2 protein chains.
Amino acid sequence: MLRKLGKWASFNHEDRAALLALPHSLATMAPNQIIVREGAQPSSTCLLRSGFAYRHKIVSGGMRQIFSIHMSGDIIDLQNSLLGTADHNVQALTHCDLAFIPSDAVRRIAFDRPTIGRAMWYDTLVDAAIFREWIANVGRRDAKTRMAHLLCEFALRLEAAGLGRHNAYELPMTQEQLADCTGLTSVHVNRMLRALDREGLISRTKRSVIIDDWKKLARAGDFESNYLRIPLASPPATNEAEYD
Amino acid sequence: MLRKLGKWASFNHEDRAALLALPHSLATMAPNQIIVREGAQPSSTCLLRSGFAYRHKIVSGGMRQIFSIHMSGDIIDLQNSLLGTADHNVQALTHCDLAFIPSDAVRRIAFDRPTIGRAMWYDTLVDAAIFREWIANVGRRDAKTRMAHLLCEFALRLEAAGLGRHNAYELPMTQEQLADCTGLTSVHVNRMLRALDREGLISRTKRSVIIDDWKKLARAGDFESNYLRIPLASPPATNEAEYD
DNA sequence: CGAAGGGTTGAGCCCCTTCAATCTTAGTGG
DNA sequence: CCACTAAGATTGAAGGGGCTCAACCCTTCG
């Protein structure tokens, strides 16, 4: 259940036992339900067991900026719960299965078991690396490049989470939500997706994305995967050459 | 020397002793000198003792996006050094005094001394909160609002670092660098600063900024300070009402 | 079958960029 | 002390990328 952290270290039996013994309560959320509201003081940390969620903030004028998309296995809300007061919202994108773990227990296990603490810390560092990449995306790339970049990032993250292949996956997001990730309008997101489609880089059916030409899409998106810190070609030893 | 971490916890004598005993080497850097280059594998973490530094990345097309500005007391490079390979550049903004601490020693002290480890972890979480705010800034706010927001953020952070007052400080940045923070062009940054000046929100002389009307500037910048997690009105008990 | 959410498309506009010129300031060498 | 230089600030004019507004279509679901 908490195995995703294993990416950063190999846990021994005691570590695993401690993780599995963590007190928690389960919950499910419907799409669009708010998990943590800005200004709230959550006393527990939220782990996403299945489904998708996203973090966002509403700026003056009512526009929304999405900061990150989370998929099953992600610890969504370390920041808000450890720092006391939430400075942004966490919301369900799809139907979600959640586990809430008291922040105290999280803090305790992190410092009692350095291996686990280190994994959690590293996880927050990678989160920050993704934030940085999004700053660059939104700040310095044009609309088509932003979209291509986002699609590439999702591809690798979903594959790493075992939720698809890097060249074909399901993405349960509306174009308006994609717009709020990229700082564009839904209208323009539509045009850019269409353009990528027309140029043969991707194909789309409903909410599924097929990347027809990974190399070209990555180039179009100015995408280099290093910031994600995903060990390439993990279990199903895909053809590494394809990634670059 | 490492006291900034004390914001997050009160250290006992042993903690302080351990921090002061940390092995390190000192260095100075000239303005614009690169401290860590993207792709490098730094084996030590960089602490800024005086001066200013910034983190950035060059995107395809040669444009630059700045991710953060650091001031004395900041630990600049935990991420790059802990995760192995740098995914962005760290560069001196002004003349800098630096201390390099071996990453191993950092890791060790973080886990041997939970109070310190927690402080470091929290520090990275606040960094991430600032990244998120910058995503929102660049993604969903217009040019003038972005500039006002950035000026407010600098004001509070500089004051918290003891480098100025929230309504008057020195900012050693060119307009081109401000542009790379906000995803604008230097030309437009100039126009927006001028506009804020003309409207009586700020005054500028050389590199110093005077905030004539904090309330109005904060409103114009859609700025709420909570994400910075700065305990308001710390030592020189300024008039709290002024902040909001 | 009707309604609602979301995708698609077109036309016109505007914020910001681009390009380029001028001005100011600080630093340098004579 | 001053000419000379370079970096950065300032300003204007013109163009474009993305936005706004508004319509229409498609799919899903009660």
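Remember, it's a predicted structure, so these values are computed and weren't measured experimentally.
With hydrogens and angles ignored, the 3.5 Å screen pairs a side-chain donor or acceptor of A:Arg157 with a backbone N or O of A:Ile69. With A:Asp222 contributing its side chain and B:Ser60 its backbone, the two residues share a donor-acceptor pair below 3.5 Å.
By the 4.5 Å heavy-atom criterion applied to side chains, B:Glu153 and B:Trp134 are counted as neighbours. No side-chain heavy atom of A:Asp87 sits under 4.5 Å from any side-chain heavy atom of B:Glu133.
Between B:Glu224 and A:Lys57 there is no salt bridge, since no side-chain nitrogen of the basic residue lies less than 4.0 Å from a carboxylate oxygen of the acidic one. Residues B:Arg55 and B:Asp74 are not paired through a salt bridge, judged by the lack of any N-O separation under 4.0 Å between the basic side chain and the carboxylate.
Screening A:Val209, A:Leu201, A:Asp212, A:Ile211 against A:Leu196 for a side-chain contact (heavy atoms from CB on, under 4.5 Å) leaves a single residue, A:Leu201.
In this structure, B:Leu150 CG and B:Phe154 CZ are separated by 4.0 Å, a value rounded to the nearest 0.5 Å. Note: A:Asp213 CG to A:Asn167 CG = 10.5 Å, rounded to the nearest 0.5 Å. Remark: B:Phe52 CZ to B:Leu93 CG distance equals 7.5 Å, nearest 0.5 Å.
When DNA chain C is scanned 5' to 3' for any atom under 4.0 Å from a heavy atom of chain A, the first and last hits are C:dG6 to C:dA11. A 4.0 Å heavy-atom criterion places the boundary nucleotides of DNA chain D facing chain A at D:dG18 to D:dT28, written 5' to 3'.
Within residues 199-213 of chain A, the residues approached by DNA chain C to less than 4.0 Å at the level of any non-hydrogen atom are A:Arg204, A:Arg207, in residue-number order. Taking every heavy atom of residues 179-193 of chain A and every atom of DNA chain C, pairs under 4.0 Å involve A:Val187, A:Asn190, A:Arg191, by number.
Applying the side chain to side chain contact (heavy atoms under 4.5 Å, CB included) criterion to A:Ser208, with sequence neighbours excluded, gives A:Glu170, A:Thr205.
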Taking distance alone, no hydrogens or angles, what donor-acceptor pairs closer than 3.5 Å link side-chain atoms of residues 176-185 of chain B to residues at least two apart or in another chain?
residue, atom, partner, partner atom, Å
B:Gln177, OE1, B:Thr174, N, 2.9
B:Gln177, OE1, B:Thr174, OG1, 3.4
B:Asp180, OD1, A:Arg140, NH2, 2.7
B:Asp180, OD2, B:Arg64, NE, 2.6
B:Asp180, OD2, B:Arg64, NH2, 2.7
B:Thr182, OG1, B:Leu178, O, 2.8
B:Thr182, OG1, B:Ala179, O, 3.4
B:Thr185, OG1, B:His188, N, 3.3

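Of the two residues near DNA chain C, A:Gln175 and A:Arg140, the one whose nearest nucleotide lies more 5' is A:Gln175.
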